[in-house]
Amino acid sequence: MTEARTAQERTARTGTAQADTTQNGAAQTSTDARTDPTAGFRRIAGAVALPLAFACQLACNTLYAAASTGNAGDSGSGEQTIQFYASHATAMLAATLLALLGCLLAVPGMLAALRTLRPARPRLALWAAGLMIAGYVCYFGIVFTNFGTLALAQSDVSRKAAGAALDDTQAIPAAVAVFLVFVVGNLLGTLLLGLAVILGARRTGIPWWSGLLIACWTVGHLANILGAGEWAAVGGGALEVVGLSLVAVVALRTPNTEWTARG
């Protein structure tokens with residue numbers, strides 16, 4: 001009887017300790033959320049940055065689609081690219097600045113999307129956000145080279161020589177690797193993000209069909225590559241912005257305590 005009573009007392013003490021630990025952990029999380037003065041700012045800033053980043057990319061793509069209608073744009077030879085930039089210098093400068101801003105905003109925006117989706121699909125959301133952040137960091141570097149192309153297009157250097165220099169640049173292996181990372185993050189990362197929204201809709205409160213809208217960017221961009229034209233990518237990008245806006249709405253409605261608790 002004594003041994004049984006001792007065992008019961010030991011079990012009761014263990015249960016009490018575990019309950020205290022759980023309560024202390026919950027209290028600590030709540031305290032962290034209350035004492036962190038940046039929680040609300042980070043949540044709101046990230047939520048706003050999410051659709052804004054890709055709205056900037058949409059504006060960039062729209063300018064490029066308008067400028068490249070009826071010509072090869074910057075997808076032809078180096079000499080053709082120089083000619084295109086010389087003819088559309090203002091539009092390409094504006095498109096470049098919008099794309100760079102979009103790349104910068106994509107980083108906090110994707111972190112907000114990751115935290116919004118974490119309770120439902122943590123691994124899938126992590127892959128999607130990681131690929132997209134890596135892709136758009138690489139895209140920042142790719143787009144930044146437009147300033148050099150604009151300078152060449154407006155200089156006294158012959159367009160044939162400037163075009164040859166551009167062709168040589170595209171053949172550098174390291175440049176090809178950066179471009180491939182961008183392609184994977186841009187296409188596969190966006191597709192995985194849309195899938196995470198669809199699969200996690202019930203738990204996150206995000207409409208499942210917003211995931212389809214996000215994935216429309218991948219579809220529209222592939223359609224463009226296959227010959228449908230730049231406006232297919234613009235259409236897909238517009239639908240993507242709508243889908244990301246719905247994700248942002250849920251992030252904006254999330255309490256700071258819950259936002260902080262998600263890590």
Side-chain angles (χ1 to χ4, degrees), residues 49 51-109 132-187 189-190 217 220-238 240-241:
L52 184 58
F54 296 91
C56 289
Q57 300 296 346
L58 173 61
C60 165
N61 292 336
T62 302
L63 286 172
Y64 179 75
S68 62
T69 299
N71 59 71
D74 61 358
S75 60
S77 66
E79 188 173 354
Q80 289 175 316
T81 298
I82 293 294
Q83 174 63 45
F84 173 73
Y85 274 71
S87 301
H88 303 91
T90 301
M92 291 310 298
L93 176 59
T96 298
L97 294 173
L98 285 166
L100 292 175
L101 177 59
C103 289
L104 294 175
L105 291 172
V107 176
M132 290 186 72
I133 289 174
Y136 279 94
V137 167
C138 288
Y139 189 50
F140 186 95
I142 294 170
V143 172
F144 203 84
T145 64
N146 289 354
F147 291 120
T149 305
L150 280 166
L152 286 173
Q154 297 173 324
S155 70
D156 295 331
V157 178
S158 71
R159 290 178 179 172
K160 185 175 182 179
L166 287 184
D167 290 333
D168 291 341
T169 300
Q170 295 175 0
I172 298 175
V176 174
V178 170
F179 182 77
L180 289 177
V181 173
F182 162 63
V183 170
V184 172
N186 183 35
L187 298 181
T190 306
W217 164 250
H221 197 67
L222 287 175
N224 173 33
I225 294 173
L226 295 175
E230 292 293 335
W231 291 108
V234 171
E240 179 192 21
V241 171

Under 3.5 Å, side chain of Gln80 to main-chain N/O of Ser77, donor-acceptor pair present?
yes
List the atom pairs, donor and acceptor, that lie under 3.5 Å between side-chain atoms in residues 171-185 and the rest of the protein, sequence neighbours left out.
none

Hey, can you tell me if Phe84 and His88 have their rings parallel, tilted or perpendicular (30° and 60° cut-offs)?
tilted
Minimal non-hydrogen separation, Thr145 against Ile142, with atom names:
OG1-O, 2.5 Å
Please determine whether ring pair (Phe, Tyr, Trp, His ring centres under 6.0 Å) holds for the pair Tyr136 and Phe54, giving the CA-CA distance in whole Å, both sets of side-chain angles, and the decisive distance to 0.1 Å.
CA-CA 11 Å; Tyr136 279 94; Phe54 296 91; 5.4 Å; yes
What pair of heavy atoms forms the shortest contact from Ala232 to Ala223, and how long is it?
CB-CB, 4.2 Å
Reported CG-to-CG distance for the pair Leu93 and Leu150, which is rounded to 0.5 angstrom
6.0 Å
Using every non-hydrogen atom in the two residues, find where Ala53 and Ala106 come nearest and quote the distance to one decimal.
CB-N, 3.5 Å
If you round to the nearest 0.5 Å, how far is CH2 of Trp231 from OG1 of Thr62?
5.5 Å
Drop me the distance from Ser68's OG to Leu63's CG, to the nearest 0.5 angstrom.
10.5 Å
What's the spacing between Glu240 CD and Leu58 CG if we round to 0.5 Å?
9.0 Å
If you round to the nearest 0.5 Å, how far is CG of Leu166 from OH of Tyr85?
9.0 Å
Locate the shortest heavy-atom distance separating Val241 from Ala55; write the atom from each residue and the value.
CG2-N, 3.7 Å
Less than 3.5 Å apart, any donor N or O on the side chain of Trp217 or Asn186 sitting next to an acceptor on the other?
yes
Minimum heavy-atom separation for Gly189 and Met132, please, with both atom names.
C-CG, 3.5 Å
Can you see which heavy atom on Leu187 is nearest to which on His221, and at what distance?
CD2-CD2, 3.5 Å
Residue list, side chain to side chain contact (heavy atoms under 4.5 Å, CB included) with Leu101, at least two apart or on another chain
Cys56, Leu105
Value rounded to 0.5 Å, distance of CG in Leu100 from CZ in Phe140
4.5 Å
Any donor-acceptor pair under 3.5 Å linking the side chain of Asn224 with the backbone of Ala233?
no
Does Phe147, at its CZ atom, have more than 12 non-hydrogen atoms belonging to other residues, nucleotides or ligands within less than 6.0 Å?
yes
